[in-house]
Amino acid sequence: MKGELKYEGKGKQLYASDKADELIQLFKDDATAFDGVKHDVIAGKGKLNCAISSFIFEKLHASGVKTHYVKRESSNEMRVKSLDMMPVEVVVRNVAAGSICKRLGLEEGLKLAHPLTELFYKSDELHDPMINVEHCELFGWATRAEIDNMCAIAMKVNEVLSAMFADVGIQLVDYKLEFGKAGGEILLGDEITPDGCRLWDIATGRKLDKDVFRSDLGGLSEVYHEVANRLGISNLTEKP
Ligand code: UDP
């Protein structure tokens, strides 16, 4: 049961639930890129992302990662713990792609010798600038201990998800995580979907993520279905 709309972002809505400490996170069918400059509505995307995100949060839970996930509430809704969100995004990279290539002049596809963690300040206005732990401490966004904790969780997530995707022939190139606090504890929040990850087919290098939409490489729905099929959860989604 959903209550009042508490927050609306580009890809999701958060509603009050019948419990004070839980929210309903609804995945919208909207696809956006370049800070919302490119926008489309893709029927069924919300259900695909909800199925993929729920499956991944369950997998992480089984591996001991503490997250906000409570359960899949409906085909396009997840029930989550209400979090006080940290204004810092954590990106983990296994292979160079996207902004790091532009920033450092790297070739897309360069394998990194070990996973790299980067921090970004959450601000649409400022286009999420890259920051470090000193900025976090100085401006009161997070303590060093909190950032260490978030990065340690992000590395555990990398182990679990890299192995999970590799098992189905997909390379986890990079992804973005968001965290929040509940009862003084830091939990992994937000969503984990091909909207916020780069996923490449190991055999062919084909992109199976939102870059397909960003760069007009084909149907986003088809590739998200491909990810769901490989993860064995196509029963939780609808045909394109
Ligand atoms: N990412 C995201 N939201 C953001 C920024 C990045 O989900 O606001 C994801 C993005 O999809 C990719 C990873 O984080 O999987 C690294 O993104 P990058 O820094 O390369 O930025 P991009 O070039 O994708 O904007």
Side-chain angles (χ1 to χ4, degrees), residues 7-12 25 27-28 30-40 42 45-46 48-50 52-53 56-57 60 67-68 78 85-112 114-132 135 141 150-151 153-155 157-158 160-162 164-166 170-180 188-202 205-217 220 223-224 226-227:
Y7 165 86
E8 174 142 24
K10 293 191 279 279
K12 61 182 172 289
Q25 177 170 313
F27 292 78
K28 302 200 295 187
D30 299 60
T32 64
F34 314 117
D35 283 330
V37 171
K38 183 169 180 176
H39 176 246
D40 209 347
I42 296 167
K45 173 174 177 281
L48 274 162
N49 273 348
C50 183
I52 294 170
S53 198
I56 289 178
F57 274 115
L60 291 174
T67 79
H68 69 154
M78 256 172 37
M85 295 305 291
M86 318 281 294
V88 178
E89 295 182 346
V90 179
V91 166
V92 177
R93 302 181 188 275
N94 297 304
V95 174
S99 72
I100 194 173
C101 292
K102 288 196 203 110
R103 205 181 328 121
L104 302 180
L106 303 178
E107 198 175 320
E108 183 179 83
L110 175 77
K111 282 202 171 54
L112 304 178
H114 59 79
L116 176 70
T117 305
E118 294 178 342
L119 304 176
F120 294 87
Y121 178 53
K122 266 183 75 143
S123 164
D124 283 344
E125 233 179 12
L126 302 174
H127 309 292
D128 298 349
M130 192 176 176
I131 53 170
N132 66 26
H135 296 93
W141 298 327
M150 286 158 62
C151 290
I153 298 171
M155 281 300 133
V157 169
N158 199 40
V160 176
L161 297 192
S162 291
M164 179 192 85
F165 280 118
I170 295 175
Q171 176 161 45
L172 178 59
V173 169
D174 61 27
Y175 55 93
K176 183 257 308 180
L177 300 178
E178 295 190 26
F179 295 84
L188 177 61
D190 194 41
E191 61 175 73
I192 303 184
T193 67
D195 278 2
C197 300
R198 285 195 170 89
L199 304 171
W200 295 352
D201 181 43
I202 291 173
R206 182 176 165 224
K207 293 181 179 5
L208 300 171
D209 56 57
K210 204 172 81 174
D211 275 347
V212 167
F213 174 73
R214 289 187 186 98
S215 313
D216 295 317
L217 297 177
L220 178 135
V223 299
Y224 283 29
E226 173 73 23
V227 173

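Read the numbers this way: they start at 1 and go in the same order the structure lists the ligands and their atoms.
Not a single heavy atom of K122 sits closer than 4.0 Å to an atom of ligand 1. Within the structure, ligand 1 lacks K102 among the residues with a heavy atom less than 4.0 angstrom away.
Protein heavy atom nearest atom 5 (C) of ligand 1, with residue, atom name and distance: E89 OE1, 4.3 Å. Distance from atom 10 (C) of ligand 1 to its nearest protein heavy atom, with residue and atom name: R214 NH2, 3.7 Å.
Seen from the ring of F213, K38 counts as a face-on cation partner, given the 6.0 Å and 45° thresholds.
Within the 4.0 angstrom cut-off, atom 18 (P) of ligand 1 has one or more protein heavy-atom neighbours.
With a 4.0 Å heavy-atom cut-off, ligand 1 is reached by no atom of D209. Heavy atoms from both the backbone and the side chain of D174 come within less than 4.0 Å of ligand 1. Of all the heavy atoms of K210, none lies under 4.0 Å from any atom of ligand 1, so neither backbone nor side chain is involved. Residue contacts with ligand 1, taken as heavy atom pairs separated by less than 4.0 Å, involve C197 solely via the backbone atoms N, CA, C and O. Counting heavy atoms under 4.0 Å from ligand 1, residue E118 does not touch it at all.
Of the candidates K176, E178, R198, it is K176 that places a heavy atom closest to atom 9 (C) of ligand 1. With atom 21 (O) of ligand 1 as the reference point, the heavy atom nearest to it among C101, S99, A97 is part of S99.
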Please walk me through it: do D128 and K122 pass salt bridge (charged side-chain N to carboxylate O under 4.0 Å, His left out)?
CA-CA 5 Å; D128 298 349; K122 266 183 75 143; over 6 Å; no
Stepwise, does the salt bridge (charged side-chain N to carboxylate O under 4.0 Å, His left out) test hold for R103 with E118?
CA-CA 12 Å; R103 205 181 328 121; E118 294 178 342; 3.1 Å; yes
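A side-chain donor from one of R93 and S99 sits under 3.5 Å from a side-chain acceptor of the other. In this model, a donor atom of one side chain and an acceptor atom of the other lie less than 3.5 Å apart for N49 and D195.
Between E108 and K207, at least one side-chain N (NZ, or NE/NH1/NH2) sits under 4.0 Å from a carboxylate O, which counts as a salt bridge. A salt bridge between D30 and K45 is absent, with no side-chain N of the basic residue lying under 4.0 Å from a carboxylate O of the acidic one. With respect to R198 and D209, no salt bridge is recorded, no charged nitrogen being found less than 4.0 Å from a carboxylate O.
Taking a cut-off of under 4.0 Å to the non-hydrogen atoms of D195, the atoms of ligand 1 that pass are 7 (O), 11 (O). The ligand atoms of ligand 1 that sit less than 4.0 angstrom from a heavy atom of G98 are 20 (O), 23 (O). Of all the atoms in ligand 1, the ones that sit under 4.0 Å from a non-hydrogen atom of D128 are 8 (O).
Scanning all heavy atoms of the two residues, the minimum distance from C197 to Y175 falls at SG-CB, 3.7 Å.
Shown here are the side-chain hydrogen bond (donor to acceptor under 3.5 Å, both in side chains) partners of T193, two or more places apart in sequence or in another chain: E191.
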